[in-house]
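When reading the values below, keep in mind they use all heavy atoms of this one structure, side chains included, and skip hydrogens, waters and symmetry mates. Each ligand, and each atom within it, is numbered from 1 in the order the structure gives.
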Amino acid sequence: HRGHHYDHATMTISTATSALPTIAIVGRPNVGKSAIFNRLVRGRAALVEEMAGTTRDRIYGTFEWLGRDIRVIDTGGISGPDTDYVELIRRQVELAMAEADLVLFVVDARDGLTAADREIATQLRAYPKPILLVANKADNRERAEAAVEFYELGMGEPHPTSALHLTGI
Ligand code: GDP
Ligand code: MG
């Protein structure tokens with residue numbers, strides 16, 4: 001997977017639950033979830049784990065923010081030939097909701113609003129978890145401004161980011 005640049009030497013298998021505040025990154029494929037994850041954990045002594053028996057289902061990392069350790073989950077590795085789109089999204093949302101204190105709902109400011117984004121928003125609304133709407137690939141001012149269209153999802157203010165240029169992260 002092109003978006004993943006993990007150091008496999010640091011990988012461990014862990015089934016332990018964590019008391020750390022946890023952020024889950026959800027969104028349709030190719031919006032930049034893994035790129036954002038990598039930006040968050042990069043340069044830290046990040047512990048990247050894959051859960052035993054669920055390899056590629058979710059990838060855990062940690063980073064420090066204002067002196068606090070924060071755990072982040074990339075739920076994006078769930079695709080496969082036997083996984084249809086709606087099922088993939090449903091599982092991703094379920095995994096996120098089971099473990100996260102905060103959900104980063106990532107959309108693509110280059111593509112604009114899609115039917116899949118609306119589907120994810122509908123599923124997220126069923127849970128009482130705080131959601132931060134992230135409009136990634138806002139690589140320039142035009143795209144950052146166009147991200148206001150995502151207000152339509154009813155998920156609050158869209159936050160423009162560019163994992164590519166490291167803005168908004
Ligand atoms: P995921 O499927 O949501 O995990 O998406 P990835 O992180 O794998 O990114 C999908 C593609 O979008 C890759 O080719 C990334 O290099 C690219 N990408 C990610 N973030 C950005 C960004 O901020 N700007 C641009 N232009 N491309 C990005
Ligand atoms: Mg990914």
Side-chain angles (χ1 to χ4, degrees), residues 1-8 10-11 22-44 46-51 53-63 70-100 102-124 129 131-150 153 155 157-169:
H1 194 295
R2 274 189 69 202
H4 292 176
H5 303 289
Y6 307 114
D7 177 3
H8 285 256
T10 66
M11 278 194 181
T22 299
I23 298 170
I25 307 175
V26 305
R28 64 188 177 81
N30 217 40
V31 296
K33 294 181 301 298
S34 297
I36 290 170
F37 176 91
N38 286 328
R39 286 302 199 183
L40 290 174
V41 304
R42 167 178 295 186
R44 313 283 173 178
L47 176 63
V48 177
E49 309 162 14
E50 293 193 28
M51 300 293 281
T54 59
T55 305
R56 294 190 61 76
D57 272 7
R58 44 200 155 157
I59 303 200
Y60 295 81
T62 56
F63 65 100
I70 303 199
R71 188 162 165 257
V72 59
I73 311 174
D74 180 359
T75 61
I78 306 172
S79 57
D82 54 337
T83 312
D84 74 40
Y85 206 76
V86 170
E87 172 65 11
L88 178 143
I89 289 168
R90 190 193 60 73
R91 258 186 89 190
Q92 212 186 84
V93 168
E94 224 169 57
L95 288 173
M97 292 309 173
E99 300 189 54
L102 171 73
V103 175
L104 293 194
F105 175 22
V106 184
V107 293
D108 187 324
R110 189 167 59 187
D111 289 349
L113 189 53
T114 70
D117 296 330
R118 293 180 204 276
E119 170 64 21
I120 294 169
T122 299
Q123 295 194 24
L124 289 175
K129 296 258 173 144
I131 293 161
L132 195 63
L133 180 59
V134 174
N136 190 46
K137 305 193 190 180
D139 300 331
N140 54 47
R141 181 191 296 246
E142 288 69 30
R143 279 192 211 155
E145 286 173 357
V148 296
E149 89 168 294
F150 294 107
L153 287 168
M155 294 272 145
E157 182 187 357
H159 295 80
T161 63
S162 171
L164 186 68
H165 298 319
L166 199 46
T167 54
I169 298 295

J.: Quick test of your reading of the model: are Glu119 and Arg28 salt-bridged, counting only N-O distances below 4.0 Å?
T.: no
J.: Taking both backbone and side-chain atoms of Lys137, is any N or O found less than 3.5 Å from an N or O belonging to ligand 1?
T.: yes
J.: Any Lys/Arg nitrogen of Asp108 or Lys137 sitting under 4.0 Å from an Asp/Glu carboxylate oxygen of the other?
T.: yes
J.: Return yes when at least one N/O/S atom of Ser34 is nearer than 2.8 Å to the Mg ion (ligand 2), and no when none is.
T.: yes
J.: Show me which atoms of ligand 1 lie under 4.0 Å from any heavy atom of Ala35.
T.: 7 (O), 19 (C), 20 (N)
J.: Select one of side chain, backbone, both or neither to describe which atoms of Asp139 lie under 4.0 Å from any atom of ligand 1, heavy atoms only.
T.: side chain
J.: With atoms numbered from 1 as shown, which atoms in ligand 1 lie under 4.0 angstrom from a non-hydrogen atom of Gly32?
T.: 1 (P), 3 (O), 5 (O), 6 (P), 7 (O), 9 (O), 19 (C)
J.: Mark yes or no for whether His159, through its side chain, and Glu157, through its backbone, hold a donor-acceptor pair below 3.5 Å.
T.: yes
J.: If the cut-off is 4.0 Å to any non-hydrogen atom of Lys33, which atoms of ligand 1 fall inside it?
T.: 1 (P), 2 (O), 3 (O), 4 (O), 5 (O), 7 (O)
J.: Return yes or no for this condition: an N or O of Thr161 is under 3.5 Å from an N or O of ligand 1.
T.: no
J.: Between Val31 and ligand 1, which residue portion shows a heavy-atom distance shorter than 4.0 Å: side chain, backbone, both, or neither?
T.: both
J.: Counting only heavy atoms, which portion of Arg110 has something under 4.0 Å from ligand 1: side chain, backbone, both, or neither?
T.: side chain
J.: Which of the numbered atoms in ligand 1 are under 4.0 angstrom from any heavy atom belonging to Ser162?
T.: 23 (O)
J.: Could you say whether the N/O atoms of Leu164 and ligand 1 ever approach to under 3.5 Å?
T.: yes
J.: So, do Ile23 and Ile70 sit near enough that their side-chain heavy atoms are less than 4.5 Å apart?
T.: yes
J.: Please say which of Asn136, Val31, Asp117 ends up in a side chain to side chain contact (heavy atoms under 4.5 Å, CB included) with Val107.
T.: Asp117
J.: Quick one: list whatever passes salt bridge (charged side-chain N to carboxylate O under 4.0 Å, His left out) with Glu149, sequence neighbours left out.
T.: none
J.: In terms of atom number and element, which parts of ligand 1 are under 4.0 angstrom from non-hydrogen atoms of Asn30?
T.: 1 (P), 2 (O), 3 (O), 5 (O), 10 (C), 11 (C)
J.: Where the closest heavy atom to atom 21 (C) of ligand 1 is concerned, which of Asn136, Ile36, Thr167, Asp108 has it?
T.: Asn136
J.: Just to be sure I read this right, does ligand 1 sit under 4.0 Å from the backbone of Pro29, its side chain, both, or neither, counting only heavy atoms?
T.: backbone
J.: Given Phe105, which of Leu133, Ile25, Val134 fulfils the side chain to side chain contact (heavy atoms under 4.5 Å, CB included) condition?
T.: Leu133
J.: Has the side chain of Lys129 got a donor or acceptor atom that lies under 3.5 Å from a matching backbone atom of Val103?
T.: no
J.: Does Arg143 reach the main-chain N or O of Ala109 with its side chain, forming a donor-acceptor pair under 3.5 Å?
T.: no
